[in-house]
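In what follows, a structure is listed as structure tokens, so that the remarks can point back to it.
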Amino acid sequence: IPHTMRDWRSTDFRERVDVKEDDRYNFISDVFARLYRNRYGESLVFLVLDAGNFHHPKVCFGSSGFRIQELEKKEFILPGRKVKARLLFTQKNNQDFLIIYWICINKKQIDWTEQKFQQLWYSLFNKEKVGLMIRMDIATEESRIEKSIELAQDFISDIYERLPQEQAEYIFGK
């Protein structure tokens, strides 16, 4: 995953996601986390989680005291494919975030129910899989949710262009 893209520059954000010490992350075996900022000063955190046992982001944020509002699903358009993402708007004190996420297992976008079936299938037959949850966290106000979704579309389009097709399929599906 590139550090820089057309309008984006990143810094490592992994140290802020403490997968070893914070019980909210005990289901994660590894995490990729970068803060990306564009030339206009807009930013988002891009996470790719290699999780052996996914759980719903509502659980993480809810257990951390955030108020959670589930938003309508969103399709992000890329050349030759659509990414079907779920959206949450979370609030706690003065921290408001738009959370955008989806799951890909073996290059296929799946929903939570299908993920549970696949998890059972792969464990029953002791088969290897590449299972990733892709997530973007965007600090935003409720009145700017649509603008933040546009920012996410710009970011997704830019990162998709920069990734080799084989790698892009693991993140965005086939």
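All residue numbers in this chain count up from 1 along the given sequence. Quantities reported herein were computed from a predicted structural model and do not represent experimental measurements.
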Same apolar cluster: V83 and I1, side chain cutoff 4.5 Å: yes
Does the side-chain hydrogen bond (donor to acceptor under 3.5 Å, both in side chains) test come out yes or no for R34 and H3, once each step is laid out? CA-CA 8 Å; R34 284 196 195 135; H3 282 278; 3.2 Å; yes
Closest heavy-atom pair and its distance - L98, I145: CD2-O, 4.1 Å
Nearest heavy-atom contact between P2 and I159 is CD-CG1, 4.2 Å
Sequence-distant partners of W102, side chain to side chain donor-acceptor pair (under 3.5 Å), two or more places apart: none
Measure across I100 and A152 and return the closest heavy-atom pair with its distance rounded to 0.1 Å. CD1-CB, 3.5 Å
Determine, stepwise, if the pair I103 / L132 fulfils side chain to side chain contact (heavy atoms under 4.5 Å, CB included). CA-CA 6 Å; I103 298 172; L132 303 173; over 6 Å; no
By side chain to side chain donor-acceptor pair (under 3.5 Å), T140 pairs with (sequence neighbours left out) S148
Under the rule for side chain to side chain contact (heavy atoms under 4.5 Å, CB included), what residues qualify as partners of E166, not counting sequence neighbours? K107, E169, Y170
Run the side chain to side chain contact (heavy atoms under 4.5 Å, CB included) test against E141 and tell me which residues pass, sequence neighbours left out. S143, R144
Got a second to check how far D154's CG is from R6's CZ, nearest 0.5 Å? 8.5 Å
Can you name the ring pair (Phe, Tyr, Trp, His ring centres under 6.0 Å) partners of F46, sequence neighbours left out? F155
So, for D158 and D7, which heavy atoms are closest and what is the spacing to 0.1 Å? OD2-N, 4.3 Å
For K147, check salt bridge (Lys or Arg N to Asp or Glu O under 4.0 Å) against everything at least two apart and list the hits. E150
Can you tell me how far apart CD1 (I138) and CG (L87) are? Round to the nearest 0.5 Å. 8.5 Å
Looking at every non-hydrogen atom in both residues, tell me the closest pair between F172 and C104 and how far apart they are. C-SG, 3.9 Å
Listing, residues 89-97 side-chain donor-acceptor contacts under 3.5 Å, not counting sequence neighbours, or none:
from	atom 1	to	atom 2	distance (Å)
T90	OG1	F97	O	3.4
Q91	OE1	R67	NH2	2.3
K92	NZ	S64	O	2.7

How would you list, by chain and number, every residue that makes a side chain to side chain donor-acceptor pair (under 3.5 Å) with N38, sequence neighbours excluded? E42
Set of residues satisfying side chain to side chain donor-acceptor pair (under 3.5 Å) with respect to Q167, sequence neighbours excluded: none
For D137, all residues meeting salt bridge (Lys or Arg N to Asp or Glu O under 4.0 Å), sequence neighbours excluded: R135
Distance-only polar pair, side chains of S157 and Q153, donor-acceptor under 3.5 Å: yes
Applying side chain to side chain donor-acceptor pair (under 3.5 Å), which residue pairs with at least one partner in residues 70-82 are found, sequence neighbours left out? K58-E70, R81-Y160
Find the distance between CH2 (W8) and CZ (R37) and round it off to the nearest 0.5 Å. 10.0 Å
